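Right, one structure below, let's go through it.
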Amino acid sequence: MKHFFLASLIAGAMALPAFAADYSIMAPAGPGGGWDQTARSLQTVLQDEKISSSVQVVNVPGAGGTIGLAQFASQNKGNPNALIVGGYVMVGAILTNQSPVTLKDVTPIARLTGEYEAIVVPAASPIQNMDDLVKALKADPGAVSWAGGSAGGVDHIAVGLIAKAAGVDPTKINYVAYSGGGEALAAILGNQVTAGISGYGEFEGQVKAGTLRLIALSSPERIEGIDAPTIKEGGLDVVVENWRMVAAAPGLTDEQVAAINADIEKAANSDAWKDILKTKGWTNTYLAGDAFKEQLDKDVASTESVLKDIGLVK
Amino acid sequence: MSEVPSSRKTRRPDRAAFIIAPALIAAAAVIWWDVARLATTSTYAPIGPATVPHWVAIGLVILGVWSGFEAWRGDFPKREAVAIGPVVWLVAGLAAQMLLLRPAGFSVATGMLFALTACGFGRRKLWATIPVGIVLSFIVWVIFAKLLQLSLPAGPLEHLFF
Amino acid sequence: MSTFEFFLQGLSVAAQPMNLLYALIGVTLGTAVGVLPGIGPALTVALLLPVTYKLDPAGSLIMFAGIYYGGMYGGSTASILLNTPGESASIVTALEGNKMARAGRGGPALATAAIGSFVAGLIATLALAFIAPFIVKLALVFGPREYFALMVLAFVTVSSAFGDSTLRGLTSLFVGLTLAIIGIDQLSGQTRLSFGIPDLLDGVEVTTLAVAMFAIGESLYIASKGDSEPDKIEAVKGSVWMNAADWARSWKPWLRGTVIGFPIGAMPAGGAEIGTFLSYAAEKRLTKHPEEFGNGAIEGVAGPEAANNASAAGTLVPLLTLGLPTSATAAIMLAGFQQYGLQPGPLLFASNPQLVWGLIASLLIANFMLLVLNLPLIGLWVRLLSIPKPWLYAGILVFATLGTIGANPSVFELGMLLAFGLLGFAMRIFGYPIAPVVVGLILGPMAEQQLRRALAISQGDVTALVMSPIAALLFVLALLAIIVPLILRARGKGEVLSQLAANED
């Protein structure tokens, strides 16, 4: 009896690959956050569209996703069933946390969604447009306090890029980090700071209600339905997109990568996925293949240089 | 939490309590040493990332000296006898769960914790409690991992059924 | 339609039998999951949200409200019965509640928590409905310096309310402050006390510390007493229900807790736990039975529980009126609202009155269902304590670790759980209070960040801290909280000394 039990345990262990899920998606964050929601949405779509019969989501939170990334890269070499969700936040976190594992150690598949940064001021602020803000910044960078997310994150990087483009020393910016968009928004609404920067979605309601003035977006072109110029139009060459992506394990063959690519493309083009984007208020910025890799490299390079300029990376 | 009434009759130096004073001062030293390498990036706030840790370290040193003084005077509350055996069983259970979680999965690891804890409280029949613990943990795993999608690690036992 | 008509309409929809059933299911599920230490209302709602997707909007909204309230109440139940506060807001509940449970008064403790939660939820939800726009204006006045002043006040009042020895209370607090330094410093992005270990970059999770210090530390401590303790706790002494004295001692704390909790919850950086701390401190000052505090005073359960629930409703103020999610729970709720096409923000009350009032009605109904479900169950819950110790503590440890593994299935996290459990055990042996450690971990980073933010915005001008009237007022209150007891003590010294002498005989 004991032997039988042991034998069945071993058999179970050996049969593991056969029983394992078709895809296992790692969300390198706790349940409930943006990456977790992306992973779980992808899970729903892959299953509902019958692309994969069973999909598991695994949460490995911590340190801007770098803990999950490290675990993913080391445990899944050559495993064509493993996926990880990630985003631009990871690019900065890898640099500031000096993570030994980088995005080069996984196989990026596709960018799924994205959001542009919005710069806002309180409605009562004397600052009317980007020009005013840049003028104030040039006059006395310390007097312009920026509220945004945590230090070294997307918002901070964007402010650094703006300062740099405006010819202001990025180490002199007065960036006040808050734990999340909500807290930063309260500080802006309460007139505690000069300007605020965060994803447009965080400010949308306030901008529409007229309590905040949207002065610029970090998109390459104007966005339909949003009445605001781009930072580029103001003469500063700054484009920042806070994107979310899905990547696969390292060490895959070209065929395996192509198969995953096809599955993700099918999911991203499905109506179910589009419905989810709509209910969650996410923007579809699907981009795959070499075009995505190229953009990734560009983002990594510009992020690294600006983090060095701010003094967060040596 | 300190239900132990302080006895005012025995005022001898408390040897065990003497460990606390150096421990607090050591913690202060670690903080001071660690924040020494921090760069002050923001030039606007006069207090940087190292300032508050410095305050905490100073506080720890003061408390360390104070604790040493109280320990010397024997002012610490009288302690009850500690039975080490049961504590070791519980710690072993927690350690077993920690080490088995990845290789053996949630049910087996947590089943061991269950059995060893019960053992610490006097139920020594491990041959009975381990299977009971594993079965209970497996039920918990099914409820939380399967029905509620909580990501609890699965091992060979879980893969046998799912 | 006037607001009141919208409200009545919402109530009539929510009170349909089918919707009442959904509320009951939601409350039951929420309680079942929320009972797990380490799984607070945020995670409970996140886990159970998909369950509600299949229903029609009204039904799913009401089930959602039920899950939310159930998740909160589940946490209190576990704190009171098992001394395993799984989230920061129920730590204070555990302090007095568990002492009551051990003395066979778990029934009244659970009842005062349930009724207090109901009363606070009722008042706060109505306040949300009718005065939210005013409250939110007040909340926005709070900037970094005002928050810093509030934290100072919280530190002062809380530290005076823990333990009988100043040295040991302060030492516990500083242990918490030390742990709070660990991780990435949010304002500069640099790591502190992490020693290059990636798992430490996010710092010590409050829930991990709370579960380790309370649940595991306590289990080790009980185990270390060996066979000297009886195998079972006497679960019920006297009545399971609240007696007349319990009622008389509970109703004022409920109301005070509500008044303290609601506005603090409404502040974007207030946090539910601050309200519970302040309420506990207030009850300890005002009680006629100070000797019972620390040994199971019913006021110490009634007040903080009411504050916790009121502050939860308070969190909805900035969420609904500004679209500001100010806590993890609120962020999850925001995701939930969006599912129902409800877009929180400044225009919500004007553009979507039906949904808002539907939600508020749902919250009221769910709150009521919680009471309906839990009062009859109290008798059953307290029987949990009559489980023989080996099984009870084995179960506690299984559920304590389950919560931690569910939130973060990492071996390192379990290692921290064990290490802090041992720390909590050692501190218990030496008579150190446990709660200040967790308080330090929560308040420390908040105070530090707000102070540094305030000084960055003022470009280093320290006097700016007291230039705001609200901040100045809070600082004065904090100062009074230190000085007044000193004066009282000096004046009443003779009296106290004679009392002490009498006690020693």
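All values reported here derive from a predicted model rather than from experimental measurement. Per chain, numbering begins at 1; letters A, B, ... match sequence-line order.
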Next item on the list: Between chain B and each of C/N98, C/V398, C/D185, count heavy-atom pairs under 4.5 Å; write down the option with the most.
Entry: C/V398
Margin query: Would you compute the distance between atom CD1 of B/I62 and atom CZ of C/F174 and round it to the nearest 0.5 angstrom?
Written below: 7.5 Å
Notebook entry, point to check: How far does CD of B/Q97 sit from CG of C/L414, to the nearest 0.5 angstrom?
Noted result: 5.5 Å
Check: Where do B/A118 and C/A394 come nearest, in terms of heavy atoms and distance?
Finding: N-CB, 4.2 Å
Note to self: Looking only at heavy atoms and a cut-off of under 4.5 Å, which of B/V132, B/L136, B/L152, B/T129 has the most pairs with chain C?
What the structure shows: B/L152
Next item on the list: Side-chain contact test, heavy atoms from C-beta onward, threshold under 4.5 Å: evaluate it for C/T171 versus B/W66 and give yes or no.
Entry: no
Checklist line | Between C/L397, C/L177, C/L451, C/I457, the one whose heavy-atom pairs under 4.5 Å with chain B are most numerous | finding: C/L397
Margin query: Are the side chains of C/Y432 and B/I20 in contact, using a 4.5 Å heavy-atom criterion?
Written below: yes
Notebook entry, point to check: So, for B/D34 and C/L193, which heavy atoms are closest and what is the spacing to 0.1 Å?
Noted result: OD2-N, 2.6 Å
Note to self: Do B/F106 and C/L402 have side chains that approach each other closer than 4.5 Å (heavy atoms only, starting at C-beta)?
What the structure shows: yes
Check: Contact part of B/L60 toward chain C, heavy-atom cut-off under 4.5 Å: side chain, backbone, both or neither?
Finding: both
Next item on the list: Taking all heavy atoms of B/F114 and all of C/G395, pick out the closest pair and write down the distance.
Entry: CE1-N, 4.1 Å
Note to self: Rounded at 0.5 Å granularity, tell me how far OG in B/S67 sits from CZ in C/F430.
What the structure shows: 11.0 Å
Next item on the list: With a 4.5 angstrom heavy-atom cut-off, could you sort out which part of C/T191 is near chain B: side chain, backbone, both or neither?
Entry: both
Notebook entry, point to check: How long is the gap from CG on C/L418 to CE on B/M98, to the nearest 0.5 Å?
Noted result: 6.0 Å
Margin query: Quick one, C/T178 and B/I31 - any side-chain contact, counting heavy atoms below 4.5 Å?
Written below: yes
Check: So which of C/V175, C/L422, C/V411, C/D461 has the largest heavy-atom pair count under 4.5 angstrom toward chain B?
Finding: C/V411
Notebook entry, point to check: So what's closer than 4.5 Å to chain B heavy atoms on C/I216: side chain, backbone, both or neither?
Noted result: side chain
Item checked: Note, C/I405 side chain near B/L101 side chain (heavy atom, < 4.5 Å) -> yes
Notebook entry, point to check: Is there a donor-acceptor contact under 3.5 Å from the side chain of C/R192 to the main chain of B/V35?
Noted result: no
Notebook entry, point to check: Do you know which of C/E413, C/R452, C/E448, C/M427 has the most heavy-atom pairs with chain B at a distance under 4.5 angstrom?
Noted result: C/R452
Margin query: Any heavy-atom pair between the side chains of C/F425 and B/V91 that's under 4.5 Å?
Written below: no
Margin query: To check you understand the geometry: which heavy-atom pair defines the closest contact between C/P388 and B/R123, and what is its length?
Written below: CB-NH2, 4.2 Å
Note to self: Given heavy-atom pairs under 4.5 angstrom as the criterion, report whether the side chain, backbone, both or neither of C/F412 touches chain B.
What the structure shows: neither
Next item on the list: Specify which of B/G120, B/G133, B/P53 makes the most heavy-atom pairs with chain C at under 4.5 Å.
Entry: B/P53
Margin query: Is B/W141 close to chain C through its backbone or its side chain, or both, or neither, when contacts mean heavy atoms under 4.5 Å?
Written below: neither
Checklist line | Check: C/S219 and B/T117 side chains under 4.5 Å, non-hydrogen atoms | finding: no
